[in-house]
Amino acid sequence: MSILVNQNTKLLVQGITGRDGSFHAGKMKAYGTNVVAGVSPGKGGSAVDGIPVFNTVEQAVKATGANTSIIFVPAPLAADAILEASEAGIELVIAISEGVPTLDMVKVMPYLAKKGTKLIGPNCPGLISPDEALIGILPGNIFLKGNVGLMSRSGTLTYEMVYQLTSNGIGQSTCVGLGGDPVAGLYFLEILQMFQDDPATEAIVLIGEIGGDAEERAAQFIKEHVTKPVVAFIAGQSAPPGKRMGHAGAIISSGSGTAEEKIKAFEQVGVKVAKIPSEIPDLLKQVMKK
Amino acid sequence: MSILVNQNTKLLVQGITGRDGSFHAGKMKAYGTNVVAGVSPGKGGSAVDGIPVFNTVEQAVKATGANTSIIFVPAPLAADAILEASEAGIELVIAISEGVPTLDMVKVMPYLAKKGTKLIGPNCPGLISPDEALIGILPGNIFLKGNVGLMSRSGTLTYEMVYQLTSNGIGQSTCVGLGGDPVAGLYFLEILQMFQDDPATEAIVLIGEIGGDAEERAAQFIKEHVTKPVVAFIAGQSAPPGKRMGHAGAIISSGSGTAEEKIKAFEQVGVKVAKIPSEIPDLLKQVMKK
Amino acid sequence: MKIHEYQAKEIFSRYRIPVTNEVVCYTVDEAVAAAEKLGLPVVIKAQVLAGGRGKAGGVKLARTKADVPELAGKILGMDIKGYTVEKVLVAQGVKFSSEFYVGLTIDRNSKSVIFMASSEGGVEIEEVAKDNPDAIHKFVIDPDLGLTPFLARKIAFALFTDFNLVKQGADLFQKLYRIFMDTDSSLVEINPLVITEEGKLLALDGKMNFDDNALFRQSAIEALNEPTEDELKELDAKEKGLTYIRLDGSIGCMVNGAGLAMATLDLIKYFGGEPANFLDIGGSSNPQKVIDAMNLILSDKNVKVVMINIFGGITRCDDVARGLISALEKIKVDVPIVVRLSGTNSKEGLEILKQANLPIVETMSQAAQKAIELCGKN
Amino acid sequence: MKIHEYQAKEIFSRYRIPVTNEVVCYTVDEAVAAAEKLGLPVVIKAQVLAGGRGKAGGVKLARTKADVPELAGKILGMDIKGYTVEKVLVAQGVKFSSEFYVGLTIDRNSKSVIFMASSEGGVEIEEVAKDNPDAIHKFVIDPDLGLTPFLARKIAFALFTDFNLVKQGADLFQKLYRIFMDTDSSLVEINPLVITEEGKLLALDGKMNFDDNALFRQSAIEALNEPTEDELKELDAKEKGLTYIRLDGSIGCMVNGAGLAMATLDLIKYFGGEPANFLDIGGSSNPQKVIDAMNLILSDKNVKVVMINIFGGITRCDDVARGLISALEKIKVDVPIVVRLSGTNSKEGLEILKQANLPIVETMSQAAQKAIELCGKN
């Protein structure tokens with residue numbers, strides 16, 4: 001078992017004829033993900049890597065039964081692509097596109113709620129249930145099937161963490177890159193609940209970042225709803241106030257959303273926080289022994 | 001019993017300090033409706049006919065527990081008033097205001113759906129459950145408590161019909177004036193279902209009008225979901241095509257929505273249609289004998 | 001409210017929707033000059049606020065220089081469904097391949113704006129709707145989203161196969177939606193929308209209707225209004241709180257409430273009479289309103305009898321009766337009047353009328369029959 | 001992206017939000033002329049893209065004619081948090097009673113725009129948020145509805161009791177929301193919003209930040225950008241696919257991925273070092289990118305050592321290693337370099353680096369410690 005994506009995932013790639021879309025469609029297919037269709041307006045009828053391409057998401061869903069979509073379209077068009085997927089009945093949308101205007105996402109959210117569409121991203125690396133399905137731009141080879149659920153606001157830092165887990169023989173149920181934009185889809189709370197409910201997940205790794213209060217809220221949620229062990233890491237402990245470090249999310253302003261506060265929030269609810277990334281495997285081993 | 005409004009109705013009057021608002025607030029209260037509050041921005045703290053006035057609907061609901069609201073504000077502000085009621089948790093909104101721009105109503109509808117707010121109107125006379133609650137501008141004295149449910153797209157025509165029923169000793173469970181605007185709240189289908197489910201209603205009178213296809217859809221719905229006897233009347237049988245007869249709804253264009261088609265649709269599903277208003281009491285007596 | 005084709009296309013142009021090169025002309029000379037400027041052939045089209053002008057001979061193709069004054073002369077001054085043609089649109093003739101229909105209107109059932117598109121353009125869309133409903137694609141527009149790029153593309157893919165046309169179409173449809181929303185339209189149509197020889201989409205004709213309830217915030221649109229004489233009368237009535245529509249019969253009607261007024265007309269027809277008007281005087285007993293209403297009815301010289309049908313609701317019948325009498329004292333009415341008064345305090349009301357020697361009846365049906373009888377005598 | 005107070009207030013003015021009469025001045029002479037025109041007293045305010053200018057002495061009241069050149073002269077050229085004051089705003093002194101705070105920003109939790117309002121204006125709102133959070137009213141704005149009149153009124157009722165002020169406030173707040181949406185803002189603030197002696201609301205100060213991701217469609221806003229030298233460097237880096245932020249330390253960093261880059265800085269600090277920059281080179285092994293990145297790092301003369309931390313994901317470590325070597329062959333680097341390479345094909349990558357005699361380490365922690373060690377020696 002795993003969460004969100006698995007062998008029943010039928011993946012549609014929106015923007016499949018673009019540079020990133022075609023490259024990663026191939027990578028995902030090679031990993032074993034069931035990539036059933038692509039969409040690229042005006043390219044309907046063609047194929048990429050053997051994957052049939054359609055003009056609209058509606059046509060693709062009708063023809064292939066796609067239930068999940070990954071978005072590689074350029075940022076100015078990404079919100080519209082998300083809406084198109086939602087309108088066509090796609091259940092889970094993963095938006096990789098980086099640089100999507102915040103107000104575009106603000107306008108998208110109520111529609112997704114109305115249609116019951118789940119969203120991950122934008123500006124995220126995607127997610128993977130090892131040996132089942134890889135949806136995103138994550139390097140499949142570093143993951144190992146297992147029983148740790150991982151969620152992160154960051155990309156390469158996730159890989160770094162996963163690599164350390166895998167190197168230590170700790171496998172993963174599902175790893176989710178949530179993205180770092182100010183307005184994003186599923187976040188810590190929803191994913192924590194899913195891991196809590198997933199029989200295949202025994203422990204949870206949460207990789208946070210400075211800015212906002214998502215980690216503080218996650219800590220509160222863990223206290224109230226999560227019985228499985230959780231360990232955490234917060235990136236940006238040394239970031240100077242007011243500087244934006246790559247992720248739009250990672251801005252510290254005036255003493256709120258600092259790493260210090262987040263670490264304190266976690267420790268208060270019994271979540272162990274790694275000081276440096278290399279501590280994570282040991283912390284996990286400690287909490288999982290119990 | 002009755003539908004929508006009864007002795008548990010706690011009524012708020014939006015626009016209570018206006019000419020129509022204050023006049024009808026008094027009339028409704030005199031009828032016995034539980035009028036608990038009024039709203040008029042800037043007049044908070046005052047009272048109309050002993051009814052306390054608030055600046056916002058939120059304050060009124062908090063102070064009085066109002067669950068139903070009637071809107072008397074001028075047409076350009078009516079949509080905003082409906083939204084304010086919905087946002088504050090009002091369950092049923094009756095919009096009397098006439099001349100509300102259609103696109104205002106188009107924009108209001110999804111929000112009401114999201115919040116689960118029921119709407120009647122705009123441009124409607126309101127509704128009454130005789131001896132329980134009168135919400136609107138209907139003349140309370142012509143109604144008689146009984147077991148016939150009545151719904152209508154028209155105002156005075158409704159009174160005419162009700163007067164004939166009452167004069168013939170036929171009482172009413174609830175009478176609903178739906179309004180004649182192109183985009184309106186609850187309509188035939190929803191009200192039919194409510195009457196069907198209401199133990200106090202034994203027969204149903206439907207008063208339709210030319211224009212649109214609401215009556216045709218009602219006929220189809222009756223066939224599939226309504227087991228109680230229904231009789232109908234269609235106004236505008238003689239209206240010339242393309243003319244707007246008072247109600248925005250009553251436009252015939254190019255052979256669709258004619259009285260002839262509507263009457264045919266009803267007769268096909270076994271609903272008796274009165275040729276002239278005075279036939280209604282007799283038809284009712286016929287179907288209720290069975 | 002309706003506007004002319006040329007006005008609709010001026011609005012289209014402002015939103016950069018391609019329309020034909022064209023000039024609106026009030027005289028034959030202007031039409032000749034316009035044709036000279038545009039180059040032959042030109043299409044000369046009557047500008048009247050009525051449908052079916054093609055069938056009525058109000059649209060003609062001028063191929064030669066001599067055609068222009070001849071055809072323009074014929075069309076100017078022509079009567080189309082009671083409207084006199086006071087201006088024509090002289091439009092450059094365009095070579096095109098296919099004709100499409102696109103239109104936006106309000107959909108009562110989805111309570112949304114709906115986009116309609118069909119490959120069977122150039123003919124009356126109502127005919128298509130009747131004969132081949134599947135040929136009309138309908139797309140409900142979510143009010144919260146508006147016409148999104150993806151939906152605009154979906155519509156365009158339903159009409160076109162060439163992706164270049166799909167892109168043009170999607171862009172054009174979004175503009176059309178913006179026009180609809182920006183102007184509080186109730187109907188916006190392009191019929192036909194054509195593909196020119198150069199592979200460009202072009203609006204050959206255009207139609208726009210507006211929501212009267214929204215005109216208060218659409219002053220630029222309201223300024224385009226050209227009410228006919230009948231409509232002016234209706235507008236004037238509206239300012240007095242009356243809704244008046246002139247019809248062709250001889251029985252003048254005064255009723256309170258639109259639904260009851262419609263039912264009254266139906267009843268007159270049912271018993272074999274012909275109503276002269278629809279007139280809703282609303283819900284007050286103000287004598288001035290009755291005076292205005294009576295003057296309005298009597299301004300129609302066809303009226304041979306007046307039927308007053310009042311249902312007293314909130315306004316009591318005795319008040320109405322007093323209002324009626326006070327009004328009738330102030331104006332001279334030289335046709336017979338039939339009064340039917342029912343509802344709250346009807347007994348008292350009828351008593352008052354009786355004392356004033358006004359002919360009264362008990363029911364609507366009796367009133368209608370009595371009016372028809374008096375009409376036959378006159 | 002940020003803009004100056006005077007620019008924000010120019011935008012406010014365009015939306016008819018009342019602001020003080022004011023003139024932006026680049027010289028003392030201009031300030032004197034402006035004060036003459038506006039009349040005394042005037043407030044002279046430094047226009048810099050940094051907060052806390054009041055505490056830094058960048059805002060002064062000039063009561064007399066002599067005050068103006070003196071104070072303007074003091075403020076112009078002043079350094080506020082590393083920004084040199086190149087212009088001042090000379091604003092008419094206004095008598096007012098109460099001070100309010102109103103602001104709009106994005107709320108991550110409701111995923112909506114949020115309106116904040118407080119009666120405790122005139123001070124830093126972050127202080128109010130800390131000391132008296134209940135004094136800040138927050139209103140989530142439904143994205144589908146926007147700031148409706150009723151919500152604007154509700155906000156205004158939370159601040160004002162006088163209905164005249166409520167009406168002014170509701171109107172002003174709706175305009176402020178339109179500004180936020182129209183310009184793709186990330187923050188719009190008026191602090192303080194005051195009530196003048198005439199009972200009118202007036203924006204005494206204004207602040208606007210914008211969503212960088214939306215600047216592509218906000219050319220008028222983008223044109224207002226006045227990047228500092230550091231920001232120009234960051235922008236230049238962005239064009240090359242790099243995210244660069246200059247910091248104060250001496251260990252230059254080159255990392256792929258923002259999160260990993262942050263964690264790298266953390267690690268350096270954790271072991272007692274000071275990073276010279278944040279630099280995310282993204283996910284490709286293109287040698288040109290490495291060259292650009294290295295040039296960027298070395299343009300900072302404080303850098304004594306460079307730490308390269310690459311996690312090979314989709315891009316394999318051996319490709320990264322080859323890219324690194326090819327880049328380092330093309331530029332002269334006269335400070336020591338520490339390379340840490342991990343992930344896909346890391347063994348092969350490290351082998352390649354070893355053959356090229358580049359100092360390599362196995363883990364992030366080792367890399368950080370090694371860099372700090374080398375930094376100490378330099």
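Every chain is numbered from 1, with letters handed out A, B, ... down the list of sequences.
Listed by chain and residue number, nothing satisfies the side-chain hydrogen bond (donor to acceptor under 3.5 Å, both in side chains) test with D:Arg63 (two or more places apart in sequence, or in another chain).
Ion pair B:Glu84/D:Lys154 not flagged as a salt bridge, since none of the NZ, NE, NH1 or NH2 atoms sits closer than 4.0 Å to an Asp/Glu carboxylate oxygen. The residues B:Glu91 and B:Lys118 are annotated as not salt-bridged, no charged nitrogen and carboxylate oxygen being separated by less than 4.0 angstrom.
The candidate with the highest count of non-hydrogen atom pairs below 4.5 Å against chain D, out of B:Glu87, B:Lys114, B:Lys107, is B:Glu87.
In this structure, the portion of D:Phe163 lying under 4.5 Å from any heavy atom of chain B is its side chain and not its backbone. Proximity to chain D (any heavy atom under 4.5 Å) is shown, for B:Lys43, by neither the backbone nor the side chain. With a 4.5 Å cut-off on non-hydrogen atoms, D:Asp142 touches chain B through its side chain but not through its backbone.
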Kindly list each side-chain donor-acceptor pair under 3.5 angstrom involving residues 167-179 of chain D, sequence neighbours excluded, with atom names and distances?
from, atom 1, to, atom 2, distance (Å)
D:Gln168, OE1, D:Leu201, N, 2.8
D:Gln168, NE2, D:Gly199, O, 3.0
D:Asp171, OD2, D:Lys175, NZ, 2.8
D:Gln174, NE2, D:Leu147, O, 3.0
D:Lys175, NZ, D:Arg16, O, 3.3

